[in-house]
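Presented below is the structure to which this report refers.
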Amino acid sequence: MKLFNTLTREVEEFVPLKKGKVGMYTCGPTVYDYAHIGHGRKYVYDDLLKRVLTYSGFGVTHVQNVTDVGHLVSDADEGEDKLETGAAKMGKSVWETAEMFIKGFYETMDKLNVLRPDVVCRATEHIPEQTELIKRLVDKGFAYDTPEAVYFDVAKFPRYGELSGQRLADKLVAARQEVQTGSHKKNPVDFALWFKLIGRFEKHVMKWESPWGAGFPGWHIECSAMSMRYLGETFDIHTGGEDHIPVHHTNEIAQSEAATGKPFVKYWMHSAFLMVDGQKMSKSLGNMYRVEDVTEKGFDPMALRYLYLTAHYRTPLSFTWSSLTAAQSALDKLCEFTRATRELRVSLSKEKLKKIDQFKARFLQAVNNDLNFPQGLAVVWEMVKSNIPDYDKLELLLDWDQILGLGLASVQETGVVPEEAKKLAGEREALRKAGKFVEADKVRMQIEARGFTIKDTAIGPVIKSFSSHS
Ligand code: AMP
Ligand code: ZN
């Protein structure tokens, strides 16, 4: 399997640290608002990665955090506390708010057929792990205590910025404008590991005791502390949105490697955004749709998943209702095919067996090549439209759907089609083939009079009382 590694900026052969096993960590949501379909794109791709690895025989341990503690509006140490702002808006406590949106997040992910992580870890439930890590950094001289916060000393970590390719000197210039007056940072790029309850945080609701006084952890430290707790000090894959490269993941690497003296992560994977009108879909821009908005308009959540599959994860994908309509229609065709195919296996010629093997190989080659799902879908369609028997098509499709996750195995037959209707459908098809469209249409009306519809699809006519997934 090949994966693009942000750290080396190259597509590399994936070689796990331990044979047959993969440790994978995903930065999860900050739970102060509803998840939108931009999040959906990101987490569906993590799911696809996990499914490809599992299909290839790896035992994957997938860990995902939930940021349920004070994380500021900007990735740097600026702005308001998102969770407190969200709670004020909801008229609930920060704890209730977090609880409500965690539940909502996983319900949304379930709708998109995203398999649940093996470990979901909340920042608020791992404070000792975080203070322990901060302590190691302070003891080793990588962090310093000030009246307002404990900061990571970026100057002590010469490889800072390697992930984004930004030089520290350039970052210093960029950061200077953002520095708040009164900051005790030695260096504008230094970031907070532990915030104290002074100044704007005097009344911070979530707070814990620590060797540096009461306060709460900075955002970045939670991911280092929890990933290492569940996956070890060095692990295989860390994923996130591309916005995490310059600050969050750069800081994670610095604090983890400074503390352990070991490489933190072997492969860093970042996905591009779901866009609307040329802008990132986001809570703060107010241009977001939720999965519920999509289903209210009559779309299947799996159509959204199909839409995500049509673009490579490192390319931005523009969301439009017409592209979702096209995705729904493609998905419907796959569902119809699945529903309609009930043929018995016939013995295959050598040539057809070879063709099946080639399809298998090409599909797997695509998805194993840095998750090239657009190419994988092209193979799906070529296979469905090919001349191999329908039974074998269905078998391939259901096998591949363990990776695609479109839920095709759960597509139910929505009613037994009586022999009479099937016979009429055969007659109609013969008339259509003979160019007798008026007569064919009359037969169609007879079929409809019996309570069935007939739809001409890419794979031929299908009789059904169609209603998407069961
Ligand atoms: P947040 O809850 O905003 O911290 O985001 C959680 C994850 O979702 C991060 O990895 C973001 O990069 C990702 N994300 C947020 N908005 C989008 C979007 N429009 N498209 C793709 N990924 C997104
Ligand atoms: Zn993270």
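Predicted model only: the values in this text are computed from it and were never measured. Note that ligands are numbered from 1 as they come in the structure, with each ligand's atoms numbered from 1 the same way.
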Under a 3.5 Å cutoff, is there a donor and acceptor pairing between the side chains of Asp332 and Gln328? yes

When you measure from the centre of the six-membered ring of Phe216, is the NZ or CZ of Lys207 closer than 6.0 Å and no more than 45° off the axis? no

Contact atoms of ligand 1, heavy-atom distance to [X] under 4.0 Å:
X: His36; result: 16 (N), 17 (C), 19 (N)
X: Asp243; result: 11 (C), 12 (O)
X: Met281; result: 16 (N), 17 (C), 18 (C), 19 (N)

Applying a strict 4.0 Å limit to heavy atoms, is Arg41 in contact with ligand 1? no

Proximity flag Pro29 to ligand 1, non-hydrogen atoms under 4.0 Å: yes

State yes or no: are the ring centers of Tyr308 and Tyr313 separated by less than 6.0 Å? no

Is there a nitrogen or oxygen of [X] sitting under 3.5 Å from a nitrogen or oxygen of ligand 1?
X: Ala272; value: no
X: Gly240; value: no
X: Cys27; value: no

With a 4.0 Å heavy-atom cut-off (strictly under), which part of Lys42 contacts ligand 1: side chain, backbone, both or neither? side chain

Below 4.0 Å, non-hydrogen atoms only: which portion of Thr30 touches ligand 1? Side chain, backbone, both or neither. both

Salt bridge (charged side-chain N to carboxylate O under 4.0 Å, His left out) partners of Glu12, counting only residues at least two apart: none

Those residues that, when tested against Arg41, pass salt bridge (charged side-chain N to carboxylate O under 4.0 Å, His left out) (two or more places apart): none

The one among His244, Met288, His249, His39 that brings a heavy atom closest to atom 15 (C) of ligand 1: His39

For atom 22 (N) of ligand 1, tell me which residue out of Ala35, Gly38, Gly28, Gly241 has the closest non-hydrogen atom. Gly38

Listing request: all side chain to side chain donor-acceptor pair (under 3.5 Å) pairs with a residue in residues 136-145, at least two apart in sequence or in separate chains. Arg136-Glu233, Tyr144-Asp190, Asp145-Lys196

Mind telling me whether Phe264 and Phe235 have parallel, tilted or perpendicular rings, with 30° and 60° as the class edges? perpendicular

How are the rings of Trp219 and His244 set to each other: parallel, tilted or perpendicular (split at 30° and 60°)? perpendicular

Is the NZ atom of Lys135 crowded by more than 12 outside heavy atoms at less than 6.0 Å? no

How about Gln365: does its CD atom have over 12 heavy atoms from other parts shown lying under 6.0 Å from it? no

Expected output: side-chain Tyr267 to main-chain Val15 donor-acceptor under 3.5 Å: yes

For the pair Asp68 (side chain) and Arg122 (backbone), establish whether a donor and an acceptor sit closer than 3.5 Å, ignoring hydrogens and angles. no

Protein N/O/S atoms under 2.8 Å of the Zn ion (ligand 2)? Cys27 SG, Cys223 SG, His248 NE2

